[in-house]
Every structure is written in structure tokens, then in C-alpha cells.
Number of protein chains: 2
Amino acid sequence: MAIHTNSERCENCRSRSFIFDLISEQDREILDKAKQEVSFNAGEIIFKQGAMLTHVVCVTSGLAKIYFEGLDKKNLLLRLVKPSELVGGPGMFVDQRHHYSLGAVEDTRVCFIDIGLYRELVFRNKPLAHEVMARESYHRIEMYEKLVNLTQKQMPGRVAEALIYLSTQIYESAKFQCTISRQELADLTAMSKESTIRILKDLKESGLVTIEGNIVEIVDMKGLEDISQRG
Amino acid sequence: MAIHTNSERCENCRSRSFIFDLISEQDREILDKAKQEVSFNAGEIIFKQGAMLTHVVCVTSGLAKIYFEGLDKKNLLLRLVKPSELVGGPGMFVDQRHHYSLGAVEDTRVCFIDIGLYRELVFRNKPLAHEVMARESYHRIEMYEKLVNLTQKQMPGRVAEALIYLSTQIYESAKFQCTISRQELADLTAMSKESTIRILKDLKESGLVTIEGNIVEIVDMKGLEDISQRG
DNA sequence: CTCCTACGTTGATATTTGTCAATCAAAATA
DNA sequence: TATTTTGATTGACAAATATCAACGTAGGAG
């Protein structure tokens, strides 16, 4: 972990958050000066469930995971976070604590934004307030769907779903280097690492995907969607 | 289902929503005139997943359930809603659709509030906006916990958890008449009806609860909490 | 270079959980 | 009253899934 005081100006940052474009000129100036860019190595924790929520975070490069630490050290991977995405944390308006952890999957850079400032920005800029509300709601909808996936689908459906998610939402390609580990894939689908591996093997043998180490290619997207939907 | 045009004034309603107390005098007047009280019989649907989101709903008497309709007609019961609780629906700021259904568990009365009006109230009254945000966030936190409960605990833990929830949050008594059916209890814990019944029997035989039909009494709360926490 | 550790993989086995079928009781209907 | 119908219950069984143990492999530390 290293702090970069001389980080880029938001204005020129290709991974800046949507918030920058929904606030006043003056607020942009303030935000630009206040942000703190920090880089994390793969595997490091960016913020930790239970800790005080002092900042929100914008990922500027790399890949991070939002995960919930459950029973017996078991983690539930809620979603992955790509550059330009803002991670707030629902504790912001509740108890000033983090209710999940954020960890670096790959080497990752993030900008920290003070929570007090962020809150002010939200209440000072109506377009931002609308957008924050909409995104909050959107994530809640995603959550319901995740809940159904994990409780009503069995393993092949969940893994198929996860592969589609990785391909379309995260790596944005039918063929991708899967930078999350098998354990993390297991945490994403709420199953054991061994079962995850076995299902991957099955999908491979069915000819729906090819897998060489962590290089994954979706060969038959239609077939994969069938499995995902059937459950 | 029957419409009551001459329903009580919000001002005198003991089950009015928190929103009434966070808006201006004039807005209270407007809200009072605009609301439409409707009563539903047990089992009836108040609004349906997928339908256009035209109103938010405040439960004024009875008991309702928020549930997600998943695969193969299987429902996931997200939470129960008591009088004075407001049910918005996350689609409000997204796609104007309901992303879950609301159903009457007992005979239930609700007030419908036009979504356009509600939105205006939220953006016109800052205290309300804060509160709505806070509640939205709170539900999201609950969601994470539910996700862990359902994916990481096994059946006895889930049922114990559900009974504690019913006792402390819903019926507010150690001994209560469980007005939700075994099927609904199964939907709440994401398991089959038969398994739910078996676990209830186990808990009864362990002396943690007594169950006579739908009268449930928690005898050993500590023991129940242990089972719930252990998973 | 070698050891060590973390990750991936596989097989055998045990546990958890769901499904199916039958029965019973209570409530609704005719 | 007789008749459905619905919800609750139980047992037997099958399917899904986790756990345990063993082994390989690749990368990092010394």
C-alpha cells in the first residue's frame, strides 16, 4: 500500500467516478484537492467490515471485490468492482461502519474521499442525489436476484451464472483471464472450492467452455444461459 | 379488496408512516387528501412483481409479506411488514416496476400513495430524504445478513433465526400466534415445507420452544440464539 | 537451487436437504 | 350432513453438496 499525493487531476482521469460529472464547478475543485489516491497489492484489504466508515472509495485501476465475512471464516463475494466504480457502503447513513469488506483482487489503485465531504456533495447537488439513490436501488435489485440465484439454483446454474457475469460484466470478453481464484469463484457462488472445480470441469467436458489454468473462454453462451436459467 | 374513500385522516391515524412527520404542513394536507385506503383479505396480492410501480404503500393494519417470485413458482420471503411501515420498492428510481410482490398474510389495510407525489415529497423535504436514504441503506444491510443466513447456515440455524425474528421483530412476544403458514416459514428460510416442519419438531423436542398448532412459545431464547449463531 | 507455501485437482465418503407418497385434521363448501 | 379442499405431518428414499485426505504444481523466500 502506497499513498500517491501527486495523483492525477480528476478532470483528466479516465477512471473518475460519475459523481465528478454531477456536481458544480466549485465542488469539482474541492473534490479534486481532497481525494487521496492509494495503491494496493493483490490480496490486500482496502477496508474492513466492522471498521469505521471514514471514506468512500473510487477504484481507478485494477479489480476489487466486495465481500461479506460470514461464519467460520467463510466469505460471501457480493460483487466485483471495476475502475471508475464508486464503493460507498450502506453504513454511511446508518451507523458509520462498514458492513462489508473491500479487497484488492488484482493490484489496485483507489481514491479515498472523505465521508463528510461526500455527504455534503450528495446533499448539495441534486443530480448527484438522484443518481446515488438510483444506484443504491439498482444494487438492491441485484441483491434480490443474487439471493434467488444462491438459494434456488443448484451448483451448475450458479457457476454458469457466475461465468456469464464475469464475461459480460467484468472482463467484457468471451475469452478472459480469470484473475479471481477458484476459492473466490466459490465465494461468489456460495459453494465449496472443490465443488466449484468439479462443476467447472463438467462445463468444460460438456463443451460449453474451455478452461486452461485461469484462461476461460465461453464457447456456447446460449447453452450456458440455459443452464443458468434452468437452475 | 375494498376501497375506503372515507378513511381516517393521517393526523389521527395511529399507523401512519414516518413520512407524515417529516414533511411540511402543506404537504401533510396534500398527502392526507391524496392517499387511498384499501383493505385486502388474507392471501390477496397487494402488488405484484413485474407490474408497473404506480404507488407506494403504507400498511395500516394486519400483516403483509414482501416476497420475491423465483424459479419454478418458488417464493423467497424477504420480510414481513407491520402497520405503519412504508413499502416503496427499489424500482422507484430505476425502471418504474415492482421487483418484488407484496401480499396480505392476515387481513390487511394499506394506504396507497401516488408515486409521483411520493417522489415530490422526498425531494421537497430534506429530513424525509435523509430518512428514506437511511432506511434504504438499513434494508440493504439486512439483506447482506439474510444472504449469509441463507447461504452459510444450515437448516436448524435458519429456523432458529426465523423464530427469533418473528418473536422479536414481528409479533413482539415470546409467545405468539404464528399467522404465517409453514409454507411461508419455509419461504422465509429458503427450505422445503417438509424440512421446516421437521426442524420445528426437533426444536420442540429439544425443549427450546413449544408449538401447538400455530401457537409458538420460545422457552429458551438463549439456546435458540446459540443454534442460530452456530449455524 | 531447494524448500516451503498456496493454490488447484481428484477420489472417496459422509452429511444435508429435497422429493415423493401417504395420511390426518381442520376448514370451507355444497 | 356429506364432501371437498387445504394445510400439516411423517416416513422412505434419492439427490445435492460438503468434507476429508491425498497429491501435484508453480511461484516466492531463503
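Residue numbers begin at 1 in each chain, while the letters A, B, ... track the order of the sequences. Nothing here was measured: the structure is a model prediction, and the numbers come from that model.
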Between A:Asp226 and A:Lys222, is there a side-chain N and carboxylate O pair less than 4.0 Å apart?
->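 Looking at A:Lys222 together with A:Asp226, the answer is yes, because their closest N to O distance falls below 4.0 Å.
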Give a yes or no on this: more than 12 heavy atoms of other residues, nucleotides or ligands lie within 6.0 Å of atom CD of B:Glu172.
->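 Yes, CD of B:Glu172 has more than 12 neighbouring heavy atoms, counting only those of other groups under 6.0 Å.
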Could you tell me the separation between the [atom1] atom of [X] and the [atom2] atom of [N], rounded to a whole number of Å?
{"X": "B:Lys153", "N": "D:dT17", "atom1": "NZ", "atom2": "C1'", "value": "20 Å"}
{"X": "A:Ile180", "N": "C:dG8", "atom1": "CD1", "atom2": "C1'", "value": "14 Å"}
{"X": "B:Met155", "N": "D:dT17", "atom1": "CE", "atom2": "P", "value": "14 Å"}
{"X": "B:Gln183", "N": "D:dT5", "atom1": "CD", "atom2": "C1'", "value": "16 Å"}
{"X": "A:Leu71", "N": "D:dA18", "atom1": "CG", "atom2": "C1'", "value": "15 Å"}
{"X": "A:Arg182", "N": "D:dG24", "atom1": "CZ", "atom2": "C1'", "value": "15 Å"}
{"X": "B:Gln154", "N": "C:dT17", "atom1": "CD", "atom2": "C1'", "value": "10 Å"}
{"X": "A:Asn214", "N": "D:dG27", "atom1": "CG", "atom2": "P", "value": "11 Å"}

If a pair satisfies ring-ring contact (aromatic ring centres under 6.0 Å, His included) and one of its residues is in residues 169-221 of chain B, list it, with sequence neighbours excluded.
->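 Sorted pair list: B:Tyr171-B:Phe176.
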Among D:dA16, C:dT17, C:dG8, which is the nearest nucleotide to the side chain of A:Ser181?
->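 Given the options D:dA16, C:dT17, C:dG8, the side chain of A:Ser181 is closest to C:dG8.
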Parallel under 30°, tilted from 30 to 60°, perpendicular over 60°: which one fits the rings of B:Tyr144 and A:Tyr100?
->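 B:Tyr144 vs A:Tyr100 ring planes: perpendicular.
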Do A:Asp187 and A:Gln183 have side-chain atoms, one donor and one acceptor, less than 3.5 Å apart?
->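 Yes, side-chain donor-acceptor contact under 3.5 Å.
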Please report the C-alpha distance between A:Glu8 and A:Arg16 in whole Å, then the side-chain angles of each, then the deciding distance to 0.1 Å, and finally whether the salt bridge (charged side-chain N to carboxylate O under 4.0 Å, His left out) criterion is met.
-> CA-CA 10 Å; A:Glu8 209 171 357; A:Arg16 69 167 180 246; over 6 Å; no
Tell me which residues in residues 184-203 of chain B put a heavy atom below 4.0 Å from DNA chain C, sorted by number, or none.
->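 Residues of residues 184-203 of chain B under 4.0 Å from DNA chain C: B:Ala190, B:Met191, B:Ser192, B:Glu194, B:Ser195, B:Arg198.
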